[in-house]
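As the structure is a prediction and not an experimental result, all values here were calculated from the model.
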Amino acid sequence: MSTESAARFAAETPNHAMTILHKDGLYRHLVFTDPAGSFYRFDLVTWPNNLMLRGDGFSFAFSVYPTADLFDLFKRSNHDGINPGYWKEKVTAGRGDVKAWSEDLFRAWVSEEAVANETRFPGAVEAVSKQILHSDDHSLEYRGTAEYAVASFDHGDFRLRIPDEWEQSFDDFSWEFLFACHAIVWGIAQYDAARKAVTV
C-alpha cells in the first residue's frame, strides 16, 4: 500500500511549490500547492511539540513530548519513506480518519475462507468468486455492502460469517492518512532544501 500511496501522492502533486507564510523558529506555516490551481493543496503548521497538516478535506494534528521540533521526529523515523504505524500513535486530532474499511483485506479474507472450506464444501471457491468477489449485484467498497454480500451468499450448507472487529479487522490506513504522511515527508524535504539553498 505504501508504494500505491506514494505513486498517488506523486501523481497529485507534480507541480506543487512551497510558500512560506510564517517562519519564526519552531513556529512555521508552509503552504504547498500547484500555482496553476490544485485540489491537493496542503499546509504544514508547526509550533513546539506539535505539527498540523491541513489538506483538502482532511486534517491531522500530531503532538509529541518532549520532541520540540516535529520535523526532526518525522525525519528520524521515516525509514526512507513513511512510517504510518508509528506516526498514527502521535495523532491527536483526525484520529477517526487514520484507518478505514479495506476492500483488499476483505477480499483476501473471503478468498481464504473459500479455499479453506473447498474440500468440505466442493464448489465453495467458485461460488464465492461468482456471488461475492466478481458479482455485479454487490459492491465490496464499503463494510455494509460487503456484509450484505456475505449475508446473501448461498452455497448449500457452506456459510460465511464476517468476524467481529476484535477477532479480525478489515480496516487499514486510509488514503487520506497515507497522503498526509507522504505530504509531511515531502514538505519537510522541500523546506530543508530551500533553507540549504539560502545558506549556500
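- Atom NE2 of His29 sits about 10.0 Å away from atom OG1 of Thr19, to the nearest 0.5 Å.
- A distance-only check finds no donor-acceptor pair linking the side chain of Ser174 to the backbone of Ala100 [under 3.5 Å].
- Using a 4.5 Å heavy-atom cutoff, the side chains of Leu140 and Thr145 are not in contact.
- Within the model, atoms CG of Leu133 and CD of Glu103 stand 9.5 Å from one another, a figure rounded to the nearest 0.5 Å.
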Salt bridge (Lys or Arg N to Asp or Glu O under 4.0 Å) assessment of Arg120 paired with Asp157: CA-CA 10 Å; Arg120 187 169 171 210; Asp157 291 333; over 6 Å; no
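- Heavy-atom minimum distance, Ala93 versus Val91: O-CG1, 3.4 Å.
- A salt bridge links Arg54 and Asp43; the closest N-O separation between the charged side-chain nitrogens and carboxylate oxygens is under 4.0 Å.
- A continuous path of ILVMFWY side-chain contacts below 4.5 Å connects Val64 to Ile82, so both sit in one hydrophobic cluster.
- A donor-acceptor pair under 3.5 Å links the side-chain atoms of Arg159 to the main chain of Gly156, judged by distance alone.
- A distance of 8.5 Å separates CG in Leu70 from OG1 in Thr46, rounded to the nearest 0.5 Å.
- With Ser129 contributing its side chain and Val125 its backbone, the two residues share no donor-acceptor pair below 3.5 Å.
- Closest heavy-atom contact between Ser102 and Asp172: CB-CB, 3.8 Å.
- Relative ring orientation between Phe42 and His16 is described as parallel, the plane-to-plane angle staying below 30° on a 0-90° scale split at 30° and 60°.
- Under the 4.5 Å side-chain criterion, counting only non-hydrogen atoms from C-beta, Trp87 is in contact with Ser77.
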Derivation and outcome, side chain to side chain contact (heavy atoms under 4.5 Å, CB included), residues Val45 and Leu53: CA-CA 7 Å; Val45 180; Leu53 179 130; over 6 Å; no
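- Taking both residues in full, the closest heavy atoms of Ala114 and Phe158 are given as CA-CZ, 4.3 Å, listed atom of the first, atom of the second, then distance.
- Of the charged side-chain nitrogens involved, none lies within less than 4.0 Å of a carboxylate oxygen, so that Asp34 and Arg41 do not count as a salt-bridged pair.
- Note: Phe9 and His182 have parallel aromatic rings, judged against thresholds of 30 and 60 degrees for the angle between ring planes.
- In terms of heavy atoms, Tyr191 sits closest to Arg28 at OH-NE, 3.5 Å.
- Hydrophobic clustering keeps Trp47 apart from Ile188 (ILVMFWY residues linked when any side-chain heavy atoms are closer than 4.5 Å, directly or through intermediates).
- Side-chain contact between Met18 and Ile20 is present, with heavy atoms from C-beta onward closer than 4.5 Å.
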Intermediate values then yes/no, side chain to side chain contact (heavy atoms under 4.5 Å, CB included), Glu4 and Trp175: CA-CA 10 Å; Glu4 292 173 18; Trp175 78 265; over 6 Å; no
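- With contacts defined as side-chain heavy-atom distances shorter than 4.5 Å, the pair Leu21/Leu30 does not qualify.
- In the displayed structure, Gln168 atom CD is contacted under 6.0 Å by more than 12 heavy atoms of other residues, nucleotides or ligands.
- Taking the six-membered ring where the residue is Trp, Phe153 and His155 present tilted rings, their angle falling between 30° and 60°.
- Residues His134 and Lys130 form no side-chain contact, since every pair of their non-hydrogen atoms from C-beta on lies 4.5 Å or further apart.
- Using a distance-only test at 3.5 Å, with no hydrogens or angles considered, no donor-acceptor pair links the side chain of Thr33 to the main chain of Pro35.
- Tyr148 is not connected to Leu105 by any chain of hydrophobic side-chain contacts under 4.5 Å among Ile, Leu, Val, Met, Phe, Trp and Tyr, and they are in different clusters.
- Rounded to the nearest 0.5 Å, atoms CD (Gln131) and OG (Ser152) are 9.0 Å apart.
- Linking ILVMFWY side-chain heavy atoms closer than 4.5 Å, directly or via other members, places Met52 and Phe62 in two distinct hydrophobic clusters.
- Between Phe32 and Tyr40, the distance from one ring center to the other does not fall under 6.0 angstrom.
- Under the 4.5 Å side-chain criterion, counting only non-hydrogen atoms from C-beta, Phe74 is not in contact with Cys181.
- No donor-acceptor distance shorter than 3.5 angstrom exists from the side chain of Glu176 to the backbone of Asp97, with no hydrogens or angles considered.
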Leu73/Lys75 under side chain to side chain contact (heavy atoms under 4.5 Å, CB included): CA gap, chis, key distance, verdict: CA-CA 5 Å; Leu73 172 87; Lys75 286 190 283 190; over 6 Å; no
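- In this structure, the side chains of Leu160 and Val128 come closer than 4.5 Å at one or more pairs of heavy atoms.
- Taking every heavy atom of both residues into account, Thr67 and Asn49 meet most closely at O-ND2, 2.9 Å.
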Criterion salt bridge (Lys or Arg N to Asp or Glu O under 4.0 Å) on Arg161 and Glu167, from CA distance to verdict: CA-CA 12 Å; Arg161 181 188 70 81; Glu167 294 176 288; 3.2 Å; yes
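- Taking each heavy atom of Val98 and Phe177 in turn, the nearest pair found is O-CB, 3.7 Å.
- Distance check: Asp72 CG to Leu26 CG gives 8.5 Å after rounding to the nearest 0.5 Å.
- Taking the six-membered ring wherever Trp is involved, the centroid distance between the rings of Tyr142 and Trp101 does not fall below 6.0 Å.
- Remark: Asn50 engages Ser63 in a side chain to side chain donor-acceptor pair (under 3.5 Å) (not counting sequence neighbours).
- Ring centroid separation for the pair Trp109 and Phe170 comes in under the 6.0 Å cut-off.
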Worked verdict on Ile162 versus Arg143 for side chain to side chain contact (heavy atoms under 4.5 Å, CB included): CA-CA 10 Å; Ile162 295 180; Arg143 182 179 183 94; 3.8 Å; yes
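- Clustering ILVMFWY residues whenever any of their side-chain heavy atoms sit less than 4.5 angstrom apart, transitively, puts Ile132 in a cluster other than the one holding Val115.
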